[in-house]
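Here is the structure we will look at, set down as structure tokens.
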4 protein chains.
Amino acid sequence: MSSPPTPPAFRRLPRAVREQQMLDAAVRAFSRRGFHAASMDEIAEDAGISKPMVYAYLGTKEELFVACLHREGTRMVEAIAGAAAPDLPADERLWRGLRAFFGFVGRHRDGWVVLYRQARGEQPFARELATMRGKLVEVVAGMLDHALRARGREVRETDLEVVAYALVGASESLADWLADHPEADPEKTATRMMNVAWLGADQLLRGITWRPTDR
Amino acid sequence: MSSPPTPPAFRRLPRAVREQQMLDAAVRAFSRRGFHAASMDEIAEDAGISKPMVYAYLGTKEELFVACLHREGTRMVEAIAGAAAPDLPADERLWRGLRAFFGFVGRHRDGWVVLYRQARGEQPFARELATMRGKLVEVVAGMLDHALRARGREVRETDLEVVAYALVGASESLADWLADHPEADPEKTATRMMNVAWLGADQLLRGITWRPTDR
Amino acid sequence: MSSPPTPPAFRRLPRAVREQQMLDAAVRAFSRRGFHAASMDEIAEDAGISKPMVYAYLGTKEELFVACLHREGTRMVEAIAGAAAPDLPADERLWRGLRAFFGFVGRHRDGWVVLYRQARGEQPFARELATMRGKLVEVVAGMLDHALRARGREVRETDLEVVAYALVGASESLADWLADHPEADPEKTATRMMNVAWLGADQLLRGITWRPTDR
Amino acid sequence: MSSPPTPPAFRRLPRAVREQQMLDAAVRAFSRRGFHAASMDEIAEDAGISKPMVYAYLGTKEELFVACLHREGTRMVEAIAGAAAPDLPADERLWRGLRAFFGFVGRHRDGWVVLYRQARGEQPFARELATMRGKLVEVVAGMLDHALRARGREVRETDLEVVAYALVGASESLADWLADHPEADPEKTATRMMNVAWLGADQLLRGITWRPTDR
DNA sequence: AATGAATGAGTTTTCATTCAT
DNA sequence: CATGAATGAAAACTCATTCAT
């Protein structure tokens with residue numbers, strides 16, 4: 001008597017799976033509506049789970065957002081790091097990194113948006129975000145430094161960092177543009193960014209263009 | 001005895017004055033705490049006026065934010081447009097525009113932050129912001145196009161636009177960095193940006209550097 | 001120098017005129033939006049005058065509403081009283097009263113609505129309104145009593161009052177219906193009400209009908 | 001010592017129970033103070049629950065009011081419909097309907113007031129209310145039509161509707177009066193209304209009276 | 001006589017978060 | 001493990017009303 005009429009077939013999933021469902025829902029909500037406008041009710045419902053479970057698994061709203069940031073950020077960094085092997089020449093590394101970056105953005109537009117567009121405005125995440133971006137800047141700066149030393153030249157560290165910062169910033173902006181233009185081709189966008197970054201306006205104006213050699 | 005310490009002369013100010021006070025307070029609040037976290041109470045108190053006046057003069061919270069956007073944006077665009085005269089050679093125009101831009105950011109760090117960092121994440125202002133940025137991109141694209149045609153060459157419009165977009169994006173990011181580093185020198189930052197934009201990584205790595213001629 | 005550029009031709013109207021303008025605006029606002037939803041700002045603007053003037057002339061919002069009630073109510077009572085002379089036979093008095101009543105409603109739909117529909121729900125005006133309606137009920141009851149005594153019969157006062165109340169209520173409801181049907185003919189509505197009131201359902205069902213003799 | 005005076009057994013009630021408590025409190029508040037003057041704070045406190053629960057269960061203030069309207073309206077319509085069986089003669093149906101109606105009003109004075117007195121003035125509920133009243137008018141009109149056809153006569157539809165409207169209006173007004181006179185007897189009021197409706201002023205003045213046969 | 005400037009006080013509504021079951 | 005029930009706190013917005021000029 002009083003046995004459960006509907007078998008709980010879809011319930012009692014392992015914790016890891018549930019967490020991913022929640023993060024998926026959270027990324028959707030945060031990227032579409034922003035950190036403040038997204039509500040925990042909304043996220044819980046979209047994840048098909050009750051609110052207390054979200055709190056039990058992923059903590060407060062801020063922690064949840066940070067968790068999203070971490071997951072998407074890690075995915076992106078891994079994608080880029082896996083592509084730009086450190087033993088290649090400078091331009092090849094840059095090109096592969098850019099291609100990986102824009103490819104990732106093209107495949108995870110939601111993730112990208114939540115990562116950069118939303119997080120930047122909210123103080124609590126500024127540091128978190130700065131750390132992640134710092135890693136990228138460091139990689140690019142290291143790349144430049146490496147190439148310079150190979151030619152027997154050296155540059156003040158600040159200069160390097162700022163130049164790297166500018167390159168990363170330009171890429172972010174183009175990625176932002178890419179996220180807003182679903183029809184745009186990530187590969188082409190990467191090529192354009194490469195042209196700007198590598199050749200600069202002066203060369204471009206002279207008709208010099210950079211083109212990917214392989215592929 | 002008990003003479004009024006603050007003369008009542010500051011009350012009952014004319015509308016135009018009050019509006020500027022409110023906008024000042026709003027820019028402060030929005031840029032420091034973000035659109036959602038900033039409260040109308042806070043802004044009103046900071047402006048030294050009661051909430052209903054804010055609503056009476058500048059409308060809804062969203063409208064208030066847009067008003068901030070407009071004021072700061074107009075100031076910035078005017079500063080840049082006034083500096084980059086259209087009859088100069090391309091590199092000179094770019095340089096002067098950049099110098100004006102970073103100079104402006106250095107002088108109005110709050111304004112810049114509210115303008116770009118906060119507005120980007122909030123859907124309601126995306127369009128407003130896109131319009132403003134669009135103007136900048138157009139100017140830069142026009143500049144490139146002008147220089148190209150002068151050399152008898154022509155480029156597809158989309159390409160131009162994307163390159164211009166990247167340049168603007170890089171500048172924005174450096175400006176962002178500038179806003180977070182109060183000790184940094186806007187002039188130097190402009191020079192660095194000019195190097196990246198004009199020469200590109202390739203030339204920089206070869207030891208070629210761009211330097212302002214005048215001054 | 002600095003003479004007024006626009007001559008104040010429409011300003012400085014005598015107080016009585018201004019008050020009527022305000023009452024007109026107030027009746028419009030109250031009847032369209034209800035007592036609470038109508039705002040003093042709205043009324044002042046519609047009257048083409050500043051808010052402090054409204055307060056100076058007609059007092060608080062409640063007092064303003066009461067003033068509307070008074071003006072419209074007095075107009076209506078006068079219209080009815082002027083039509084139903086006390087020396088006519090009962091049916092003729094009733095008919096003339098009804099015709100005057102529906103005629104008035106037809107000409108002042110706004111006034112009627114503000115008078116009855118809005119005032120009834122708001123406690124502060126219940127008494128005011130009850131007084132006015134009481135006068136009407138008294139008149140009708142007196143009419144019935146007069147007719148009864150003329151036939152040598154007498155009825156308990158309460159009975160009379162309730163019957164009169166029902167007649168007034170039915171008229172009010174029809175008037176309400178009339179206010180919502182701008183195309184309807186007041187005269188016809190009066191005839192219908194007369195039929196119900198005078199003959200009753202029983203006679204109507206038997207095919208007996210009342211028709212105005214004159215006209 | 002310090003044993004809990006009120007057992008915590010009354011907390012955490014199931015939704016259905018809470019909803020009824022809220023509706024009870026809302027009907028009380030709305031009918032006593034009017035739609036606008038009644039505050040959600042007040043209602044929540046009177047229901048012994050916090051405001052957010054009211055919003056969670058019954059929505060917006062307007063929706064809450066409509067919910068009240070629905071509950072009370074349904075109760076009333078059911079009471080009347082259950083009493084006036086369609087196979088009785090016209091006068092008997094009318095009488096039973098009126099008796100049920102006034103009986104209901106006598107038992108739920110609060111409900112009646114909120115239903116008709118408050119709702120009529122507020123635009124947002126006009127339609128809701130018109131629908132409900134429309135049903136009553138239709139029933140009465142159908143009754144008259146039925147009786148007429150049984151006697152081989154026919155009447156224009158508009159005429160019927162308006163007469164029915166007048167009868168309903170008269171009843172509403174008497175009910176209104178009843179709500180304001182707690183000492184009055186619903187049964188007697190029904191009898192009076194029946195006299196007015198069925199016999200008309202003419203017959204009443206001639207000393208003809210209608211009396212309930214049964215009971 | 002007339003008004004722009006100003007506000008205290010209140011309202012609806014939302015949301016992150018936690019119990020008790 | 002899971003959730004329906006519950007709330008404290010705060011935010012946006014409005015409005016009748018008054019002062020100082």
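Computed from a predicted model, the values in this text were never measured in an experiment. Below, all heavy atoms of this structure are taken into account, side chains as well, without hydrogens, waters or symmetry copies. Here is how names work: the chains are called A, B, and so on, in the same order as the sequence lines, proteins then strands, and each is numbered from 1.
Among the nucleotides E:dT3, E:dT13, E:dT18, the one closest to the side chain of A:P52 is E:dT18. Distances from the side chain of B:K61 to the nucleotides F:dA16, F:dA11, F:dA6 place F:dA11 closest. Closest to the D:Y55 side chain, of the nucleotides E:dT17, F:dA12, E:dT14, is E:dT14.
One distance of note links CZ of A:F35 with CD of A:E62; it measures 5.0 Å at 0.5 Å rounding. Summarising the geometry, atom CD belonging to C:Q118 is positioned 10.5 Å from atom CZ belonging to C:F125; distances are rounded to the nearest 0.5 Å. Between B:K51 atom NZ and B:M40 atom CE the span is 8.5 Å, to the nearest 0.5 Å. To the nearest 0.5 Å, atoms CD1 (B:I49) and CE (B:M22) are separated by 4.5 Å.
The CG-P distance, from D:L58 to E:dT13, rounds to 13 Å in whole Å. Between D:E63 atom CD and E:dT12 atom P there is a gap of 14 Å when expressed in whole angstrom units. Atom P of nucleotide E:dT17 and atom CD1 of A:I43 are separated by 11 Å, given to the nearest angstrom. Look at OH on A:Y57: it is 19 Å from P on E:dT17, rounded to the nearest Å. The separation between B:E45 atom CD and F:dA10 atom P is 15 Å, rounded to whole Å. The interatomic distance linking A:D41 (CG) with F:dA5 (C1') rounds to 13 Å, in whole Å. Taking atom CZ of residue A:F65 and atom P of nucleotide E:dA16, one finds them 14 Å apart after rounding to whole Å.
Contact of the C:K61 side chain with the C:F30 side chain is registered, since non-hydrogen atoms from C-beta on lie closer than 4.5 Å. The shortest side-chain heavy-atom distance between B:H36 and B:E122 falls under the 4.5 Å cut-off. Looking at C:R18 and C:M53, their side chains never come closer than 4.5 Å, going by heavy atoms from C-beta outward. Between A:R71 and A:D24 the shortest side-chain heavy-atom distance falls below 4.5 Å. Taking 4.5 Å as the limit, every side-chain heavy atom of D:E128 sits out of range of all side-chain heavy atoms of D:F65.
At a cut-off of 3.5 angstrom, the base of F:dA20 holds no donor-acceptor pair with the side chain of B:R12. Side-chain atoms of A:K51 and base atoms of E:dT17 include a donor and an acceptor less than 3.5 Å apart.
OP1 or OP2 of F:dA6 sits under 4.0 Å from a side-chain N or O of D:R18.
Comparing D:I49 and C:M40 by the nucleotide of DNA chain F whose heavy atom lies nearest to each, the residue mapping closer to the 5' end is D:I49. Comparing A:R15 and D:A16 against DNA chain F, the residue whose closest nucleotide sits nearer the 5' end is A:R15. Closest-nucleotide positions on DNA chain E for A:T60 and C:G48 were compared, and the one nearer the 5' end corresponds to C:G48.
Residues from residues 66-73 of chain C that place a heavy atom under 4.0 Å from any atom of DNA chain F: there are none. Scanning residues 24-39 of chain C for heavy-atom distances under 4.0 Å to DNA chain F yields C:A38, C:S39.
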How does DNA chain F look in dot-bracket form if you count Watson-Crick and G-U pairs under 3.5 Å, write [ ] for pairs that cross, and put | where a base pairs with another strand? .||||||||||||||||||||
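Remark: C:R127 CZ is loosely packed, at most 12 non-hydrogen atoms of other residues, nucleotides or ligands lying under 6.0 Å away. With a 6.0 Å radius and a threshold of 12 heavy atoms from other residues, nucleotides or ligands, D:E45 has its CD atom at or below the threshold.
Looking at heavy-atom distances under 4.0 Å, B:M53 makes contact with a base.
The pair C:D110-C:R28 fails the salt-bridge criterion, with no side-chain N (NZ, NE, NH1 or NH2) lying under 4.0 Å from an Asp/Glu carboxylate O.
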